Amino acid sequence: MKNKYKKAVVTGGAGFIGSHLVEALLTNGCHVTVIDNLSTGSLSNLEQVKDHIVFFETDIRDQDALTRATKGCDIIFHQAARVSVPMTVEHPVESAMINDVGTLMVLEAARFGNIKKVIFASSCAVYGDDPRLPKDENMFPEPLSPYAVHKLTGELYCRLYHDLHGIETVCLRYFNVFGPKQDSSSPYSGVISIFMAKAVSEEAPVIYGDGNQYRDFVFVKDVVNANLLAANSEDLGTKIFNIGAGNFIRIHQLWKLICQMSGVDVEPEYRPGRPGDIHESVASTELAKSVLGFKPAYSLEEGLEITLKWHSGS
Ligand code: UD2
């Protein structure tokens, strides 16, 4: 895809999704500046591209650094965040400083730097447990965790900065993103990365709750593609789109599938459900399809194969 813009900033560009996005932007001929404080991101994620980017090791709340990093850019992809739902339940104030104030500061940088467009990594967490499925963008948000409140706040700020300051803002509500480079080392990591690591070492994973909860898992390269489509679509004004695969799998079935694919046979350990956990989540991707032309290219199995290879080191 040929980019319509020349210079992009990716906040959280050393993170899981951000680093894939950086690679794709470079492939498409864009100049890329990354801002990351390396709190959860890692330079190893940028190893392949480190000579082709400008890197600012800084927090998004460092206004001076943010101003310098974003100077002269056409577009900001705001991916930096505290992404773990349970961690925001444990540490809501610190998380709000990163997720709410941080997003506001990125929008301020766009305002004062005359940057035309901001793409914001939002989340399907904003829907909470609305029983209607699939979730579509017109549903009333019912956040169940500080994380969901942060993302909803970010969306509202995005709309406001469009209305007040004329910045084009696009919020992408990611469903459960997975793929290579997703960190598996913390209990707060994404479930697929944790299950993959457990399968590779033939250890029992923990399933929280009864395992019947389900998620719409979308492969990271599809999420990157959604970002590029949103960036290249003109005159969006201020919009919100679901970015998911449009189908779902239950958590206990996911473990079985990963066992099958990796040839292991280990029973999971069950523990009580996590506070703030949503039960059911699946995306309607109709709006993203009709407006952006978004269509996921990877099935769950294809994405899992690629991810398993990465975890196996092959
Ligand atoms: C993911 C995203 C979050 C947000 C949200 C939207 C991550 C780390 N978090 O949160 O940023 O976008 O989606 O809904 O990607 N589970 C287990 N065992 C484990 C780990 C998780 O059973 O070892 C369960 C967990 O209780 C939950 C499901 O798996 O029911 C998915 O958990 P997750 O942490 O991967 O993602 P989620 O949906 O909480």
Side-chain angles (χ1 to χ4, degrees), residues 1 8 10-28 30 32 34 36 38-53 55 77 79-84 119 121 123-124 172 174-203 205 215-229 243-245 247-249 251 254-264 283 294-314:
M1 186 187 303
V10 182
T11 71
F16 159 50
I17 302 172
S19 60
H20 283 278
L21 179 58
V22 169
E23 283 175 13
L25 288 166
L26 289 170
T27 304
N28 291 348
C30 205
V32 182
V34 169
D36 203 304
L38 301 181
S39 60
T40 51
S42 163
L43 283 180
S44 62
N45 286 337
L46 295 170
E47 188 53 36
Q48 311 286 328
V49 297
K50 64 178 189 300
D51 297 334
H52 306 286
I53 59 171
F55 182 74
F77 295 88
Q79 308 292 310
R82 171 159 283 176
V83 298
S84 161
I119 313 280
S123 167
C124 66
L172 301 179
Y174 298 164
F175 280 63
N176 285 64
V177 189
F178 74 101
K181 298 205 248 181
Q182 190 172 26
D183 175 39
S184 60
S185 62
S186 127
Y188 297 128
S189 302
V191 66
I192 289 187
S193 67
I194 295 177
F195 281 9
M196 288 278 172
K198 293 290 181 191
V200 168
S201 57
E202 297 193 37
E203 289 173 88
R215 293 290 186 276
D216 180 329
F217 291 101
V218 56
F219 191 56
V220 65
K221 291 207 184 295
D222 284 324
V223 171
V224 165
N225 191 36
N227 274 274
L228 300 182
L229 289 166
I243 302 300
N247 48 50
F248 68 87
I249 185 167
I251 297 302
L254 174 70
W255 172 246
K256 282 208 184 92
L257 181 59
I258 291 174
C259 281
Q260 256 172 31
M261 293 173 87
S262 52
V264 303
F294 171 70
K295 191 170 176 292
Y298 294 82
S299 68
L300 176 64
E301 286 75 9
E302 284 165 343
L304 287 177
E305 284 291 354
I306 296 169
T307 310
L308 185 59
K309 272 194 190 140
W310 183 81
H311 279 271
S312 317
S314 53

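Predicted model only: the values in this text are computed from it and were never measured. In this chain, numbering begins with 1 at the start of the sequence shown.
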Of Val34, Leu25, Val10, the one forming a side-chain contact (heavy atoms from CB on, under 4.5 Å) with Ile53 is Val34
Return yes if some donor-acceptor pair links the side-chain N/O of Ser19 with the main-chain N/O of Leu46 below 3.5 Å, else return no.
no
To the nearest 0.5 Å, atom CG of Leu21 lies from atom NZ of Lys221 at 11.0 Å
- request: Please tell me if the side chains of Val191 and Phe178 come closer than 4.5 Å, counting only heavy atoms from C-beta onward.
  value: no
Taken to the nearest 0.5 Å, the spacing of Lys295 NZ from Asn225 CG works out to 11.5 Å
ask   = So, Tyr174 and Gln79: side-chain donor and acceptor under 3.5 Å apart, yes or no?
value = yes
Kindly say whether Cys30 contributes a backbone atom to a donor-acceptor pair with the side chain of Asn28 at under 3.5 angstrom? no
Test log, rule side-chain contact (heavy atoms from CB on, under 4.5 Å), inputs Met196 and Leu304 | CA-CA 9 Å; Met196 288 278 172; Leu304 287 177; 3.6 Å; yes
Determine whether a donor-acceptor pair (N or O, by modelled atom type, separation under 3.5 Å) exists between the side chain of Asp216 and the backbone of Ala283.
yes
Self-check item: Short N-O contact, Glu23 and Lys181, less than 4.0 angstrom
Solution: yes
Taken to the nearest 0.5 Å, the spacing of Ile249 CD1 from Asn176 CG works out to 12.0 Å
Practice problem: Using atom types as modelled and distance alone, determine if a side-chain donor or acceptor of Asp222 lies under 3.5 Å from a backbone N or O of Ala245. | Solution: no
Margin query: Measuring only between side-chain heavy atoms, which start at C-beta, is Phe16 closer than 4.5 Å to Ser42?
Written below: no
In this structure, CD1 of Ile192 is separated from CG of Leu300 (nearest 0.5 Å) by 6.0 Å
key: Glu301 (side chain) donor-acceptor with Met261 (main chain) under 3.5 angstrom   = no
Is the shortest heavy-atom distance from the side chain of Thr307 to the side chain of Phe195 under 4.5 Å?
no
CD1 (Ile17) and CG (Asn227) are apart, to the nearest 0.5 Å, by 8.5 Å
query = Does the ring centre of Phe175 sit less than 6.0 Å away from the ring centre of Phe217?
reply = no
OG of Ser189 to CD1 of Ile194, rounded to nearest 0.5 Å, is 5.0 Å
